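Heads up: the structure comes next, in structure tokens.
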Amino acid sequence: MGVTMGLNLLLLMAMVATNILSLYHLSSTLQTPKPPTPQPVPDHLLHQLHTIRATINHLTRHHPSPSTATAKTTKPNVPSDLLLYSQLSPIASSCHDHPDLLHKYMTYTPFSLCPLDSDLAESLILRGCHPLPRRRCFTRTPPKPTSSLPMNPFPPSLPDSNVVWAKYSCKSFSCLGGKNPNLGFDMPHELSNFMTYKSELDLPIPQLFQIAKAANSVLRLGIDIGGGTGTFAARMKLYNVTIITTTMNLGIPNNEAVALRGLVPIHAPLQQRLPVFDGVVDLVRCGHAVNRWIPVTALEFLLFDADRVLRGGGYLWLDQFFSKGVDLEKVFGPLIGKLGYRKVKWATASKNDSGGLKNGEVYLSALLQKPVSK
């Protein structure tokens, strides 16, 4: 009852404010002695009106009148935590574009175990709803985790008992490695990655350090965008370089694997602004997740966000970016060129799998150095 009265009072105040703003604009025009030419409503008044109307629409959509609520008794009320979060801190605007998913995510029992809904969380994240609203529930943990974790980022195997497997089709890392060793869960298979030169597309880590040394540049901090299970960060850790890895699970425990290797996973989509301050890292690597399937505008924002976090003289590494050959020449090449970086390495080769041959796709491996100053 108290909530209903409060909402009614808020709606009444909003309506009064709308009328006052309208009267203010009307009175300002009536004071003119001659019939004036139509003047546009001031921007600040329009902004206030839009804000008030949006508030009314939002509240009436989620808090229907008693008669409407009686007609639709099967639809639950919006979780109170969602309304609380919207008052304490703004939710990404894209969250409001998916109210059903957001409502489901925020329907839980406070102060108890959180639902097993990591897949739902990722569905929201991939639709631009990030950061997600905070919740007051306890994350589920494995029932019998190991008492110690490996210090070596390339252990013989990852401990299965440190993962909650309920949401995954495989129930062990060996199952995942057996399905596809290239997923990144087969640790012996991962040992040789980033260390050998097999084609002109490869940039072994020792060669990367030689390039940096020749340019009197130091590699200490970096970001691996779309880094899977964190093998690049693991290899760089052995060189005393700290790399954080952005990764999504998408049905496999990538984030858990990164953490079990003693590395830092950032659960973030490609469209999110990197959670790092301006000009503080030495290296940004874009892995296989960064490719032609990303909309061009989104890719442009991603590249310029990489530029934002890189210091002057830092490196941007596009590791086997693939696209159609004609698109690389006419779209992606000029897009990368907007950065104005020095081309340290620029190598292309045909993508020889069935999809690549069908679509005329090519790989690009590029190491680009940001100018020291602009």
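Note that the structure is predicted; figures quoted are calculated from it, not measured.
Between the side chain of D305 and the backbone N or O of L274, at least one donor-acceptor pair lies under 3.5 Å. Side-chain atoms of S199 come within 3.5 Å of backbone atoms of L201 as a donor-acceptor pair (strictly under, hydrogens ignored). Side chain of R261 to backbone of A233: no donor-acceptor contact under 3.5 angstrom is found. In this structure, the side chain of K237 does not engage the main chain of P153 through any donor-acceptor pair within 3.5 Å. With hydrogens and angles ignored, the 3.5 Å screen pairs no side-chain donor or acceptor of Y341 with any backbone N or O of I336. Although no hydrogens or angles enter the test, the distance criterion places no donor-acceptor pair under 3.5 Å between the side chain of N291 and the main chain of F322. A distance-only check finds no donor-acceptor pair linking the side chain of N193 to the backbone of F232 [under 3.5 Å]. Looking only at distances, a side-chain donor or acceptor of D160 sits under 3.5 Å from a matching main-chain atom of F173. In terms of modelled atom types and a separation under 3.5 Å, the side chain of R308 and the main chain of V276 share a donor-acceptor contact. Between the side chain of S365 and the main chain of Q320, a donor-acceptor pair closer than 3.5 Å is present.
Summarising the local packing, NZ of K213 is surrounded by 12 or fewer heavy atoms from other residues, nucleotides or ligands at distances under 6.0 Å. Within a 6.0 Å radius of NZ in K345, other residues, nucleotides and ligands contribute more than 12 heavy atoms. By the neighbour-count criterion of 12 heavy atoms within 6.0 Å, atom CZ of F209 is densely surrounded, having more than that number from other residues, nucleotides or ligands.
Considering only heavy atoms from C-beta on, P265 stays 4.5 Å or farther from N254 through its side chain. The shortest distance between side-chain heavy atoms of L221 and V280 does not fall below 4.5 Å. Considering only heavy atoms from C-beta on, Q369 stays 4.5 Å or farther from L367 through its side chain. Annotation: side chain of L263 is not in contact with side chain of I243 (no heavy-atom distance under 4.5 Å). A heavy-atom distance below 4.5 Å is found between the side chains of L316 and C286.
Checking each of T231, N182, T229 against E190 for a side-chain hydrogen bond (donor to acceptor under 3.5 Å, both in side chains) leaves exactly one that passes, namely T231. Screening W293, W346, F332, Y363 for a ring-ring contact (aromatic ring centres under 6.0 Å, His included) involving F321 leaves a single residue, F332. When D278, V284, L339 are each tested for a side-chain contact (heavy atoms from CB on, under 4.5 Å) with D307, only one passes: L339.
The cluster map of Ile, Leu, Val, Met, Phe, Trp and Tyr, joined by side-chain heavy atoms under 4.5 Å apart, puts V258 and I266 in different clusters. Follow the hydrophobic side-chain contacts under 4.5 Å out from L176 and you never reach V164; the two are in separate clusters. In the hydrophobic clustering of this structure, F301 does not group with V290; members are Ile, Leu, Val, Met, Phe, Trp, Tyr whose side-chain heavy atoms approach within less than 4.5 Å, directly or through other members. By the criterion of side-chain heavy atoms lying less than 4.5 angstrom apart, applied directly or through intervening Ile, Leu, Val, Met, Phe, Trp or Tyr residues, L270 is grouped together with V264 in one hydrophobic cluster.
Looking only at atom types and distance, the side chain of T247 has no donor-acceptor partner in the side chain of N255 under 3.5 Å away. For the residue pair R140 and S118, no side-chain donor N or O sits within less than 3.5 Å of a side-chain acceptor on the partner.
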Stepwise side chain to side chain contact (heavy atoms under 4.5 Å, CB included) test for L208 and Y239
CA-CA 12 Å; L208 174 64; Y239 287 83; over 6 Å; no

Under the side-chain hydrogen bond (donor to acceptor under 3.5 Å, both in side chains) rule, what do N249 and E256 come out as? Steps first, then yes or no, please.
CA-CA 9 Å; N249 277 19; E256 292 95 321; 3.0 Å; yes

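Partners of D119 according to the salt bridge (charged side-chain N to carboxylate O under 4.0 Å, His left out) rule, which considers only residues two or more places apart in sequence or in another chain, are K167.
Salt-bridge formation is not detected for the pair D224/R235: no Lys NZ or Arg NE/NH1/NH2 atom is positioned less than 4.0 Å from an Asp or Glu carboxylate oxygen.
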